[in-house]
Amino acid sequence: MKIIKVHDFNYTKEVDFKKIQLHLKKRIKLSPISENEVKTCAGVDLAYWEEENQSFGTCSIIVIDYHSKEVIEKVCSVGKINVPYVAGYLAFRELPLIIEAAEKLTVEPDVFLFDGNGFLHYNHIGIATHASFFLNKATIGIAKTYLKIQNHDFIMPENEVGAFSDIIINGTVYGRAVRTMKNVKPVFLSCGNYIDLNSSFEIMMKLINEESRLPIPVRLADLETHRLRKKFKSD
DNA sequence: GCGACAG
DNA sequence: ATCTTGTCGC
């Protein structure tokens, strides 16, 4: 049986999300943020490696100015990883290092962008949503591959920048397949928390440049974790 | 045994 | 996620 432990959570794979939901109810409800209020945004990503039969990971959070795209702050964390990757439970594996890094931030980003899903998740609590309750900030989920739910396939958006198709399952909008670059696979956008899908979409699209299909802060965090891994491995 | 499977 | 070189195409 797989034991999954994060902070005050301690679950097995078989356990449902009732404990989490109880935990979430204790949190303060924040009002949703709209796109025009955003001044700073953060990208979050992790990288992993093995050393002496032990898994390690490093997390990078990069905050940029929403309008100028300049980097404002860069923090990181590193440590052993003892939680396995289980589809649907990514947050349990990645949140400890994310929280540790986030605690080092001196600025409060208006919104966090994650590499992974938010509402587009079996229980609507993907990593972006789950993280929002620790960060108490708006979050957006952006996954690079599609997480299939209830055997529902997504509709491939047209091959044009900004083309998208909503992912609707049993009448509920889970997220949106979005073409952020032409001739490149779409990304899968969903609300994390304290934000709606259209605002998430606007924000993400304004953070795309020619270098990646992923928004700038997430891409920068991705590059940073690779640099950090080289650094931490050698010493 | 086979297929599914965010990162 | 990670292991990895060259290579096909815009």
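Computed from a predicted structure; not experimentally measured.
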**Message:** Using a strict threshold of under 4.0 Å (side-chain N to carboxylate O), is an ion pair present between A:Lys39 and A:Asp65?
**Reply:** no
**Asked** Tell me: NZ of A:Lys230 to P of C:dT2, nearest whole Å?
**Response** 12 Å
**Asked** Under a cut-off of 3.5 Å for both distances of each Watson-Crick or G-U pair, what dot-bracket string does DNA chain B give, using [ ] for crossing pairs and | for inter-strand pairs?
**Response** .......
**Request:** Would you give the length of the straight line joining atom CD1 of A:Ile81 to atom CD of A:Gln54, rounded to the nearest 0.5 angstrom?
**Result:** 8.5 Å
**Complete:** Note: for A:Asn183 and A:Tyr48 on DNA chain C, the residue whose nearest nucleotide lies more 5' is A:Tyr48
**Message:** What's the gap between C:dG6 and B:dG1 when it is taken at their P atoms, as a whole Å value?
**Reply:** 39 Å
**Inter-residue atom distance A:Arg213.CZ - A:Met204.CE, 0.5 Å rounding** = 10.5 Å
**Asked** Under 5.5 Å between ring centres and under 30° between planes: true for A:Tyr85 and the base of B:dG7?
**Response** yes
**Prompt:** If we take the C1' atom in both C:dT5 and B:dC2, what is their distance in whole Å?
**Reply:** 32 Å
**Prompt:** Distance check: side-chain N/O of A:Lys144 vs OP1/OP2 of C:dA1, anything under 4.0 Å?
**Reply:** yes
**Request:** Report yes or no: do A:Thr172 and A:Asn170 form a side-chain donor-acceptor pair below 3.5 Å?
**Result:** no
**Request:** Answer with yes or no after comparing the ring centroid distance for A:His152 and A:Tyr174 against a 6.0 Å cut-off, counting only values under it.
**Result:** no
**Asked** Between A:Phe164 and A:Arg176, is there a cation-pi geometry (under 6.0 Å to ring centre, at most 45° from the normal)?
**Response** yes
**Interatomic distance where CD belongs to A:Glu50 and P belongs to C:dA1 [whole Å]** = 15 Å
**Message:** Between C:dT4 and B:dG3, how many Å separate the two P atoms, rounded to a whole number?
**Reply:** 27 Å
**Fill in**
Of the candidates B:dG7, C:dT2, B:dA6, the side chain of A:Leu147 sits closest to B:dA6
**Prompt:** Which nucleotide sits closest to the side chain of A:Asn117: C:dT2, B:dG7, B:dA6?
**Reply:** B:dA6
**Message:** In terms of relative ring orientation, are A:Trp49 and A:Phe56 parallel, tilted or perpendicular, with 30° and 60° separating the classes?
**Reply:** parallel
**Message:** I want to check one thing: is the phosphate of C:dT2, taken as OP1 and OP2, less than 4.0 Å away from some side-chain N or O of A:Arg229?
**Reply:** yes
**Asked** With respect to the phosphate group of B:dC5, does any side-chain polar atom (N or O) of A:Thr145 fall under 4.0 Å of OP1 or OP2?
**Response** no
